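Since the structure comes first, as structure tokens, the remarks are kept for the end.
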Protein chains: 2
Amino acid sequence: MMTRDSKQRRAILEVLKGTNSHPTADWIYEQVRKKIPNISLGTVYRNLKVLKEEGKILELDFAGTVSRFDGNITPHQHFKCEQCGRIFDVDEPLRQRTAERVALKMGVKVFNHLLEFRGLCQHCQPQASPADKQETRL
Amino acid sequence: MMTRDSKQRRAILEVLKGTNSHPTADWIYEQVRKKIPNISLGTVYRNLKVLKEEGKILELDFAGTVSRFDGNITPHQHFKCEQCGRIFDVDEPLRQRTAERVALKMGVKVFNHLLEFRGLCQHCQPQASPADKQETRL
DNA sequence: ATAAATGCAAAACTTTTGCACCCGA
DNA sequence: TCGGGTGCAAAAGTTTTGCATTTAT
């Protein structure tokens with residue numbers, strides 16, 4: 001299948017490359033709508049699929065039900081806050097060595113790897129310091 | 001909220017502990033139904049949520065749209081085949097050191113970490129050996 | 001007794017798809 | 001022109017929820 005060009009596809013990729021958040025399809029849709037008001041959500045999904053297959057973007061599956069996408073396709077790591085759900089990039093390069101070892105040991109081909117840390121982000125940590133009382137966060 | 005006991009919850013946990021696959025809610029539902037035929041899917045979801053909050057199971061978000069659950073709550077690694085979607089356990093322990101370094105550097109609390117490798121599993125690899133012709137898998 | 005848990009069904013969401021029309025190569 | 005791309009709306013699939021009833025403590 002020959003993939004063709006379209007302003008919709010270009011706009012979607014542009015949005016994704018222009019953020020370091022890890023947006024959902026719906027968020028991307030809203031952003032692109034600012035430039036192309038009558039774009040449809042179906043088109044966004046179709047293009048995300050194509051872009052993913054072309055290796056231009058990454059689909060993350062971290063956030064429970066909704067998929068998130070990442071314009072950064074180099075192997076990298078994430079931290080996910082279990083409370084607020086935000087996803088942060090982590091600068092902690094994983095050695096390529098490990099991927100090779102896994103490939104050899106299991107007889108598989110490894111294209112990519114993602115490391116996910118889970119916990120509580122700075123914002124969501126219960127602050128118990130007696131001096132400066134803060135708003136209580138459950 | 002005081003959590004109470006129920007045979008449904010016990011059965012769900014039992015199913016999850018008794019497999020090393022990474023089943024979807026629906027698969028768990030079908031298994032439990034063999035013992036408790038009139039259990040409802042809603043109950044399965046509600047219990048998976050409770051068990052997850054109690055830290056007794058893990059929710060994986062690897063598989064695109066559907067959530068998968070894991071009865072193995074020790075930090076461990078997965079390999080996901082991008083073709084057939086199967087998820088395999090990988091025996092490649094990640095050093096606790098790394099998690100500590102991340103926690104310190106980012107000011108977060110790390111409860112868990114998951115490493116996901118992506119690629120093609122043995123079964124899905126294009127086999128080009130000229131001697132033994134195999135069924136062609138796209 | 002009382003509050004949590006359940007079954008059922010409806011609702012809410014996310015993602016996919018069929019179809020007629022449009023547009024890029 | 002021709003086949004891929006689009007918008008629209010319907011459909012499919014997963015997960016959540018309201019409510020009356022049951023059940024564990």
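Here is how names work: the chains are called A, B, and so on, in the same order as the sequence lines, proteins then strands, and each is numbered from 1. Treat the numbers as computed from the prediction; the structure is a model and nothing was measured.
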### Task
Write down the distance between OH (Y29(A)) and P (dT16(C)), rounded to a whole number of angstrom.
16 Å
### Message
Please enumerate all residues that pass side-chain hydrogen bond (donor to acceptor under 3.5 Å, both in side chains) together with D5(B), with sequence neighbours excluded.
### Response
R10(B)
### Query
Under the salt bridge (charged side-chain N to carboxylate O under 4.0 Å, His left out) test, which residues partner K7(B), sequence neighbours left out?
none
### Message
Between C1' on dT17(C) and CG on L48(A), what's the gap in Å once rounded to a whole number?
### Response
16 Å
### Message
Once ring pair (Phe, Tyr, Trp, His ring centres under 6.0 Å) is applied, what residue pairs with a partner in residues 29-51 of chain B remain, sequence neighbours excluded?
### Response
none
### Message
Tell me which pairs pass salt bridge (charged side-chain N to carboxylate O under 4.0 Å, His left out) where either residue lies in residues 35-50 of chain A, with sequence neighbours left out.
### Response
E14(A)-K35(A)
## Note on the structure
Taken to the nearest whole Å, CG/D26(B) to C1'/dG13(D) is 10 Å
### Message
Give the residues of residues 37-47 of chain B touching DNA chain C, defined as any heavy atom closer than 4.0 Å, sorted by residue number.
### Response
N38(B), I39(B), S40(B), T43(B), R46(B), N47(B)
### Contact state string [nucleotides 20-25 of chain C, B base, S sugar-phosphate only, - no protein heavy atom under 4.0 Å]
---BBS
#### Entry: Expected output: side-chain R9(B) to main-chain L51(B) donor-acceptor under 3.5 Å
no
#### Entry: Residues in side-chain hydrogen bond (donor to acceptor under 3.5 Å, both in side chains) contact with S40(B), at least two apart in sequence or another chain
T43(B)
### Summary
5'-most contact on DNA chain D (nearest-nucleotide basis), I36(A) vs K7(B), goes to I36(A)
### Message
How close do L16(B) and P23(B) get, counting heavy atoms only, and between which atoms?
### Response
CD1-CG, 3.7 Å
#### Entry: Non-hydrogen side-chain atoms of V15(A) and W27(A) separated by less than 4.5 Å
yes
### Query
Please give, in whole Å, the distance from dT15(C) C1' to W27(A) CH2?
20 Å
### Side-chain N,O (Q8(B)) to OP1/OP2 (dT23(D)) below 4.0 Å
no
## Note on the structure
Overall bend of the helix from dA1(C)-dT25(D) to dA25(C)-dT1(D) (five pairs an end, 10° steps) is 40°
#### Entry: Nucleotide dT16(C), atom P - distance to NZ of K52(A) in whole Å
7 Å
### Query
Among all residues two or more places apart in sequence or in another chain, which pass the side-chain hydrogen bond (donor to acceptor under 3.5 Å, both in side chains) test with R101(B)?
E92(A)
### Task
Output all residues satisfying salt bridge (charged side-chain N to carboxylate O under 4.0 Å, His left out) with E53(B), sequence neighbours left out; order by chain, then residue number.
none
### Task
Report the distance from atom NZ of K49(A) to atom C1' of dT16(C), rounded to the nearest whole Å.
8 Å
### Message
Tell me the interatomic distance from L51(A), atom CG, to dG4(D), atom P, rounded to whole angstroms.
### Response
17 Å
### Message
Holding to salt bridge (charged side-chain N to carboxylate O under 4.0 Å, His left out), I want the full list of residues that pass it with R33(B), two or more places apart in sequence or in another chain.
### Response
E30(B)
### Message
Using whole Å, what does the distance between atom C1' of nucleotide dT14(D) and atom CD1 of I28(B) come to?
### Response
14 Å
